[in-house]
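Following: one structure in structure tokens, then a few remarks.
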Amino acid sequence: MSVSTVGNGRIELSARTALVAVGDLLAIALFVGIGELAHGINPILSPARFAGTLTPFYVGWLLVAGLGGLYTAAATETVQAALGRTIVGWVLAVGIAQGLRSTSVFPGNAAVTFALVSVLVGGTLLLCWRGAIAVAK
């Protein structure tokens, strides 16, 4: 069976891909929401601040995931593929997010400690989600 793709086959257009993408975005939003709460900022009461913190991570992730083929069946075909590709993608996405945060456009700044926390906490959430998708296939 043929699957429609875009971006030279880097993104497969399917219900499964949509599910994976929504789960990814929710995992990243959860990571940012937990971080905001840990810093005394209520994401519900400060939606603009939450969006400003979240956007660099979304931009980084969607750029890396789109270019890196993370929205293909092969990316979650096995647990090993899911975990390996996800961690590499997330580390690159955090790098992009930190670069964006170092500008005046987004709140915060680029900090090594925040990058490490981002890789560990956000990465753990994404790894759990994508690992579960790989197991459930």
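For the numbers below, each heavy atom of this structure counts, side chains included, while hydrogens, waters and symmetry mates do not. Values in this document were obtained by computation on a predicted structure and should not be read as measured data.
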Name the atoms and distances for all side-chain donor-acceptor pairs under 3.5 Å in residues 42-49, with sequence neighbours left out.
residue, atom, partner, partner atom, Å
Asn42, OD1, Ile44, N, 2.8
Asn42, OD1, Leu45, N, 3.4

Report all side-chain donor-acceptor pairs from residues 56-65 shorter than 3.5 Å, counting only partners two or more places apart or in another chain.
residue, atom, partner, partner atom, Å
Tyr58, OH, Leu25, O, 2.9
Trp61, NE1, Asp24, OD2, 3.3
Trp61, NE1, Tyr71, OH, 2.9

Side chain to side chain contact (heavy atoms under 4.5 Å, CB included) assessment of Leu54 paired with Glu36: CA-CA 10 Å; Leu54 181 61; Glu36 295 284 70; over 6 Å; no
side-chain hydrogen bond (donor to acceptor under 3.5 Å, both in side chains) evaluation trace for Thr76 with Arg85: CA-CA 9 Å; Thr76 55; Arg85 289 180 181 211; over 6 Å; no
Verdict with supporting geometry, Leu100 and Val105, side chain to side chain contact (heavy atoms under 4.5 Å, CB included): CA-CA 8 Å; Leu100 291 171; Val105 177; over 6 Å; no
Test side chain to side chain contact (heavy atoms under 4.5 Å, CB included) applied to Thr78 and Leu83, step by step: CA-CA 9 Å; Thr78 66; Leu83 300 183; over 6 Å; no
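Leu120 and Val88 end up in different hydrophobic clusters when Ile, Leu, Val, Met, Phe, Trp and Tyr side chains are linked at under 4.5 Å. No single ILVMFWY cluster, assembled from side-chain heavy atoms under 4.5 Å apart, contains both Leu116 and Leu126. Transitive grouping of hydrophobic side chains (ILVMFWY, heavy atoms separated by less than 4.5 Å) brings Leu127 and Val135 into a common cluster.
Here the side chain of Thr55 pairs no donor or acceptor atom with the backbone of Gly52 at under 3.5 angstrom. A side-chain donor-acceptor contact under 3.5 Å links Thr17 to the backbone of Glu12. Using modelled atom types, no side-chain atom of Glu77 and backbone atom of Ala134 make a donor-acceptor pair closer than 3.5 Å. Remark: side-chain polar atoms of Arg10 are not paired, donor with acceptor, to backbone N or O of Gly68 under 3.5 angstrom.
For the residue pair Ala110 and Gln98, the shortest heavy atom distance occurs at CA-OE1, 3.2 Å. The heavy-atom pair separating Leu125 from Ala27 by the smallest distance is CD1-O, 3.6 Å.
Among the candidates Ile28, Val32, Leu26, Ile34, the single residue satisfying the side-chain contact (heavy atoms from CB on, under 4.5 Å) test with Leu30 is Ile34.
Classified by interplanar angle (parallel below 30°, tilted 30° to 60°, perpendicular above 60°), the ring pair Trp90/Phe31 is perpendicular.
Pairs passing the ring-ring contact (aromatic ring centres under 6.0 Å, His included) check and including a residue from residues 32-55, sequence neighbours excluded, do not occur.
Side-chain contact check for Leu70 versus Arg130: some heavy-atom pair is nearer than 4.5 Å.
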